[in-house]
Structures are given as C-alpha cells and as structure tokens.
Enquirer: 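Attaching a single structure in structure tokens format; questions to follow.
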Amino acid sequence: MSETSTKQPDQDMQRHTPRVSVVLPARNEAGAIGGVVRKVIECVPDSEVIVVSDGSTDGTDELAREAGARVLRHPYSKGNGAAIKAGARAARGDILVFLDADGQHDPTDILRLLVRLDEGYDMVVGARQSGSQASIGRGLANAIYNRLASYMTGHPVADLTSGFRAVRAHLFREFLYLLPNGFSYPTTSTMAFFRAGYSVAYEPIHAAPRIGKSHIRLAHDGARFLLIIFKVGSLYSPLKLFAPVAATLFFLGAGWYGHTFIAEGRFTNMSALLLTGGVMVFLMGLISEQITALMYRDTESDTQERPQ
C-alpha cells in the first residue's frame, strides 16, 4: 500500500507534462517566496513552479514547498546563474519563465510574456520602465549596457540585464555552457540569442522594490561593470569593440608622431607604444572574432535547419 502511494505521484507527473515551467532562483527569500509562488500558481495554474534554493538558511525551502513549488536545493550558494542553470536542466516544460523570488516582478506579467512568445518570438524579456531601477547608479549602468548592446547587435535593446524573461526551453539549453554562475546570466543569454539569429522581443513591465535585503554589493558591482562591457562585446561581435579602441590608439600614435617629428624631428617611444598598441588590439579583435564564430558555428547551423 505504501509503495503504491509512493509511486503514484511520479506516474502522474510523467503523464502530465506542463507547457510552462516557472523557475525562481532564491537565496534567503523567506519574506517573499511564499507569496510569489502562490501568485505564480494562481496566474499560470497549469505551470510547473521550480524554486532553486541557492544555499538558503532562513527557511526559504520549506516555505516554497508549502506554497506548492518543487524545490531544488544547493547545499551552499553557487550564484544566481548556477541556480538558473539548475532550474533549466530540471524543468519539464517547453517554455521556461524566469523571475526573481524577491517580489520585484509581478507574476501577472507572465501571461503578457507568453502572449508575445506565441507571436513567434524565441525569447521575450520583461523590460523595466523608468522608476523601476533599484538606484540611480544601477539605472545609469543599465542604460549604458543597453546602448552598448544595441550598438553591438544592431537592434534596439530595451533592458539587457532584466532577469524576468520567457524563452523556449530547447533553445535556452543550447547556451547553458556559456552562462556564468554569477549575476550576469541575463546579459549572456540575451547576447547569445541575438548572435545565434533567434528572435528577441521586449515587453514593458514595472518592477517593484524588492522584499528583504539585496545580494548585490556596490563595490563588487562596480568591478563587474567593466567585465560585463567586455563580455557583451566578446559574446556578439568582438571586432566592434576592439576596432574603435585600436583605431583610437593608432591615430593617437600617428598624431603624436607628427607632432614630435615637426617639433623635434624624431620618433618617440610614446609614438611607438601607441602605434604598436593599436595594431595589437586590432589583432586581438580579429582572433576574438574567429573564436566567437567557431563557438556559435553549430548553433547557427541548427538555426538555418530549424523550420520557420
């Protein structure tokens, strides 16, 4: 009798494969997780809700399970990206929806993202509107990210760093090996989708203030700013990032050489350093471009063969 009752839920789970799996990465979100999970189930009742507890120590696991979520637990904190990857691997739905577990994102917006996805897009990102940024500094940084990404891709990017998104599961899993374990998975996945030729759309949303304490550290965030800038470039088209830097160094070197030649009749070490630096940066960009092309070769081949 006990054995039969134990197997029955597993058999039911195998018979019912959800269309949508909602993944919530959570680390010590006891103050918000229960309400968020219940709201998700209310808004998308046929969905599979997965909470990935990233080393939580405040009862997040139990509260999420009581609210009706399937809980995956990391024995220690591995990072937001690692939680996203764990949830994506475990999810059974054809569509993955990612949102924060801290109450910033409104689960009712999930339906709007799904509607846009049904229009033929491969990924739909919830784009935070003005007033939804956590601080002026982060809002400014995100604006710079968006402008850089728009330049790199040639498409308007409304919110490069939003963690609220709906995506086709089989396409998202193609890029799991690229995703970092830290907080920049939205940047990486968005640029990877653009690079592979998949369709990306943005749906305006409003993000509320988070419940509980933020896990973002300002000093650490500042260091990540430059890293993300270079990651955006290297993920999409490295030469678009390296070529302007190389050209600037080269023309500075040529200009300084012209000045010193006219004024002093000699070629200075500074001119040599700038000119050499410009050439080296350009060559690094060429090598990075070739590496990026090889990295996406299989994905681009699959895109061409995929029926439209």
Side-chain angles (χ1 to χ4, degrees), residues 125 127 130 133 135-162 175 178-180 182-198 200 202 216-297 299-300 303:
V125 180
S130 59
Q133 300 292 346
S135 66
I136 295 177
R138 288 179 64 181
L140 178 61
N142 286 334
I144 295 175
Y145 295 155
N146 296 340
R147 283 185 174 273
L148 174 64
S150 298
Y151 161 71
M152 300 297 294
T153 63
H155 300 282
V157 175
D159 195 339
L160 183 64
T161 59
S162 172
F175 303 109
L178 282 176
L179 302 185
F183 277 97
S184 59
Y185 103 85
T187 301
T188 306
S189 59
T190 299
M191 298 304 291
F193 265 63
F194 275 122
R195 182 64 176 81
Y198 295 143
V200 180
Y202 289 88
I216 302 291
R217 293 166 292 174
L218 292 179
H220 187 255
D221 248 8
R224 286 197 305 116
F225 177 82
L226 290 177
L227 293 178
I228 291 178
I229 291 293
F230 284 106
K231 173 171 283 190
V232 167
S234 62
L235 277 173
Y236 196 81
S237 180
L239 207 52
K240 279 192 173 183
L241 183 66
F242 284 93
V245 176
T248 299
L249 291 174
F250 187 85
F251 285 115
L252 282 175
W256 185 251
Y257 171 55
H259 168 71
T260 55
F261 182 78
I262 293 173
E264 304 175 19
R266 65 192 183 94
F267 180 71
T268 64
N269 291 337
M270 178 60 71
S271 298
L273 180 63
L274 289 171
L275 291 170
T276 303
V279 173
M280 294 299 295
V281 170
F282 179 73
L283 293 177
M284 289 174 60
L286 283 179
I287 295 172
S288 299
E289 191 80 21
Q290 297 304 312
I291 293 174
T292 301
L294 290 172
M295 183 173 63
Y296 286 100
R297 181 181 58 187
T299 301
E300 289 177 342
T303 304

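Predicted model only: the values in this text are computed from it and were never measured.
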Enquirer: Less than 4.5 Å apart, side chain to side chain, heavy atoms only: is that true for Y145 and P186?
Expert: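 They are not in side-chain contact.
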Enquirer: Could you report the tightest heavy-atom contact between G278 and A246, atom names first, then the distance?
Expert: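 Closest pair (atom of G278, atom of A246, distance): O-CB, 3.2 Å.
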Enquirer: Under the side chain to side chain contact (heavy atoms under 4.5 Å, CB included) criterion, do L275 and W256 qualify, and how do the steps go?
Expert: CA-CA 10 Å; L275 291 170; W256 185 251; over 6 Å; no
Enquirer: Of all the heavy-atom pairs spanning L239 and G285, show the shortest one and how long it is.
Expert: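 Taking every non-hydrogen atom into account, CD1-C, 3.6 Å.
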Enquirer: Please check: side-chain N/O of T260 versus main-chain N/O of Y257, any donor-acceptor pairing under 3.5 Å?
Expert: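 Checked: pair present.
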Enquirer: Quick one: OG1 on T161 to CG on N146, what's the gap to the nearest 0.5 Å?
Expert: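 T161 atom OG1 to N146 atom CG measures 6.5 Å (nearest 0.5 Å).
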Enquirer: Could you check whether the rings of H155 and F194 sit parallel, tilted or perpendicular, using 30° and 60° as the cut-offs?
Expert: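 Rings of H155 and F194: parallel, under 30°.
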Enquirer: From L179 CG over to T188 OG1, what is the distance, rounded to the nearest 0.5 angstrom?
Expert: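 Reported value, rounded in 0.5 Å steps: 6.0 Å.
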Enquirer: To the nearest 0.5 Å, what is the distance between CG (L274) and CG (N269)?
Expert: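 The CG atom of L274 sits 11.0 Å away from the CG atom of N269.
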Enquirer: Quick one: CD1 on I287 to CD on Q290, what's the gap to the nearest 0.5 Å?
Expert: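 Answer rounded to 0.5 Å: 9.5 Å.
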Enquirer: Could you list the residues that satisfy side-chain hydrogen bond (donor to acceptor under 3.5 Å, both in side chains) with S271, not counting sequence neighbours?
Expert: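 With sequence neighbours excluded, S271 shows a side-chain hydrogen bond (donor to acceptor under 3.5 Å, both in side chains) to T268, given in chain and number order.
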Enquirer: To the nearest 0.5 Å, tell me how far M191 CE sits from T292 OG1.
Expert: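 Reported to 0.5 Å precision, the distance equals 10.5 Å.
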Enquirer: For K240, does its backbone N or O pair with a side-chain atom of Y151 as donor and acceptor, under 3.5 Å?
Expert: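 Such a contact is found between Y151 side chain and K240 backbone.
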Enquirer: For S237 versus M152, what's the shortest heavy-atom pair and its separation?
Expert: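 Distance-wise, the nearest heavy atoms are O-CE, 3.0 Å.
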Enquirer: Does F261 CZ have over 12 foreign heavy atoms under 6.0 Å away?
Expert: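 No - once you tally the heavy atoms of other residues, nucleotides and ligands closer than 6.0 Å, there are 12 at most.
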Enquirer: Looking at OH of Y202 and CG of L160, how far apart are the two atoms once the value is rounded to the nearest 0.5 Å?
Expert: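 Reported value, rounded in 0.5 Å steps: 6.0 Å.
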Enquirer: Which heavy atom of S288 sits nearest a heavy atom of F242, and at what distance?
Expert: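 Looks like OG-CE1, 4.0 Å.
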